Amino acid sequence: MSISVLERPESPSIWVAADAVDQARPRSRQSQLGASDLVCERRGAYIYHGWERTDRVVSPAAMLGTYIHEGLTEAARREFGWLVEKRVADAVIRGSIDVVQLDQATARQLPRRLRPTVAADVNTVEDIKTRSSRRWDEVLRYGATAAELRQVMTYARLLNTVGFADVHGQRVLARLGPIHVERIRLRFINRDSGEEFVQEFPYDPEIAEEAVWWLERIAETTHPEQAPRTFYGPQIDAVCDYCPFATACWGASAGGRPVQANIVRDDTDVAAHLADYVAAHAQWSEADRAKKFVRKSVDAVPEGRYGRNHLGWQGADQEQVEPDMRAMIEIFDSLDAPIPTVPDSGRMVKALVVAGIAVPMRRVTKKSSRRIDVRAVRE
Ligand code: SF4
């Protein structure tokens with residue numbers, strides 16, 4: 001029995017509906033720069049200059065993240081009385097903060113219904129992030145990325161300087177004026193297992209200022225192409241695979257070549273890229289030597305936890321199952337079934353050569369991946 005995976009009109013992919021709902025969200029149509037756009041300078045510049053999106057992005061993983069996000073923040077609002085999804089903005093940037101947990105002194109200035117069940121010891125801004133298991137190790141090891149820090153520090157800066165935005169649904173909060181935020185919390189949720197990892201640290205005005213400087217650089221451009229690309233493009237960095245400006249940024253693929261080929265226009269560009277390649281290769285070889293050294297050094301060490309890392313071994317003495325040729329021949333014999341034979345071209349060539357007969361040849365094109373070979377040349 002085979003299971004058809006063809007889409008039938010009566011049972012379309014549910015992601016079609018999810019995508020339609022996602023596209024209709026206010027944030028999908030906004031053109032003002034948002035704190036969550038502080039990930040790539042070039043992308044920020046497209047938004048800042050009001051460019052139309054060139055790519056329609058459908059990311060079930062991102063939509064799952066949104067659903068998890070909405071469910072968790074709503075639960076936190078109901079059970080803990082935290083302020084969730086609250087808007088902040090100044091003249092340049094806007095944002096929606098996942099969670100604000102007020103301290104007692106600030107909460108007392110609000111109507112009872114807006115006070116937290118348990119007040120925080122200091123005003124805290126929280127951002128919730130979801131990650132797949134594939135990137136979970138990175139979360140435990142390094143915590144928030146630089147872009148995530150810029151985003152959450154920007155929220156805190158906006159609260160510190162302006163307070164909550166004076167918009168429908170949060171006017172009472174806006175009346176509080178600037179809120180003195182002291183703590184930042186990043187809450188990571190593993191999308192596959194539900195595991196939770198919380199990172200807390202004090203508000204860092206330097207990172208917030210760095211984000212302001214980042215925005216100023218974008219504002220100084222008169223065209224998006226003046227802003228540098230922060231990433232290496234589709235099929236290298238996932239953020240570009242799901243970027244709504246990917247085609248504007250890299251152009252369309254020509255003749256099946258990667259889109260990155262579009263930005264190399266002359267020999268000067270080639271020389272600059274090869275210099276980057278050589279520099280990256282030098283770093284890679286040094287890192288590879290260090291890894292090989294460690295691999296050999298711990299060869300006798302059993303699996304287990306050592307300091308902040310867990311050592312495991314994969315691939316050694318693994319028992320595998322493969323077809324038993326002798327047993328199969330016996331079964332074929334007993335069934336009187338013909339045993340398939342494959343012509344042995346090596347033996348046939350040898351026999352023709354020994355008999356003095358020319359070996360017939362034909363032209364074939366073998367597909368293999370092209371490999372780059374970069375060598376030094378004398379000046
Ligand atoms: S495609 Fe990548 S480098 Fe280009 S704007 Fe988007 S995120 Fe930035």
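Read the numbers this way: they start at 1 and go in the same order the structure lists the ligands and their atoms. Nothing fancy with the numbering, it's 1 onward along the sequence. Because the structure is predicted, anything quoted here is derived from the model rather than measured.
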Starting from atom 6 (Fe) of ligand 1, what is the nearest protein heavy atom, named by residue and atom, and what distance separates them? Cys243 SG, 2.4 Å
Centre of Trp82's six-membered ring, under 6.0 Å away, within 45 degrees of the axis: is that where NZ or CZ of Arg185 sits? yes
For ligand 1, which atoms, with element, lie under 4.0 Å from some heavy atom of Arg42? 5 (S)
Spell out, as yes or no, whether a donor-acceptor pair under 3.5 Å connects the side chain of Asp237 to the backbone of Val239. no
For ligand 1, the portion of Cys240 having any non-hydrogen atom under 4.0 Å away: both
Checking side-chain polar atoms at under 3.5 Å, does Gln199 have a donor or acceptor matched by the opposite partner on Lys129? no
Which of the atoms in ligand 1, numbered in the order shown and given with their element, are less than 4.0 Å from a heavy-atom of Arg43? 5 (S)
Indicate if the distance from atom 4 (Fe) of ligand 1 to the nearest N, O or S atom of Cys249 falls below 2.8 Å. yes
Can you sort out which atoms of ligand 1 are near Arg229, meaning under 4.0 Å from one of its heavy atoms? 3 (S)
Could you tell me whether Arg229 sits above the aromatic face of Trp250, with NZ or CZ closer than 6.0 angstrom to the six-membered ring centre and within 45 degrees of the axis? yes
With distance as the sole criterion, is a donor-acceptor pair present between the side chains of Ser36 and Gln151 under 3.5 Å? no
So the atoms of ligand 1 within less than 4.0 Å of a heavy atom of Trp250 turn out to be 1 (S), 4 (Fe)
Can you tell me if Asn262 and Arg257 form a side-chain donor-acceptor pair at under 3.5 Å? no
Has Cys40 got an N, O or S atom lying less than 2.8 Å from atom 8 (Fe) of ligand 1? yes
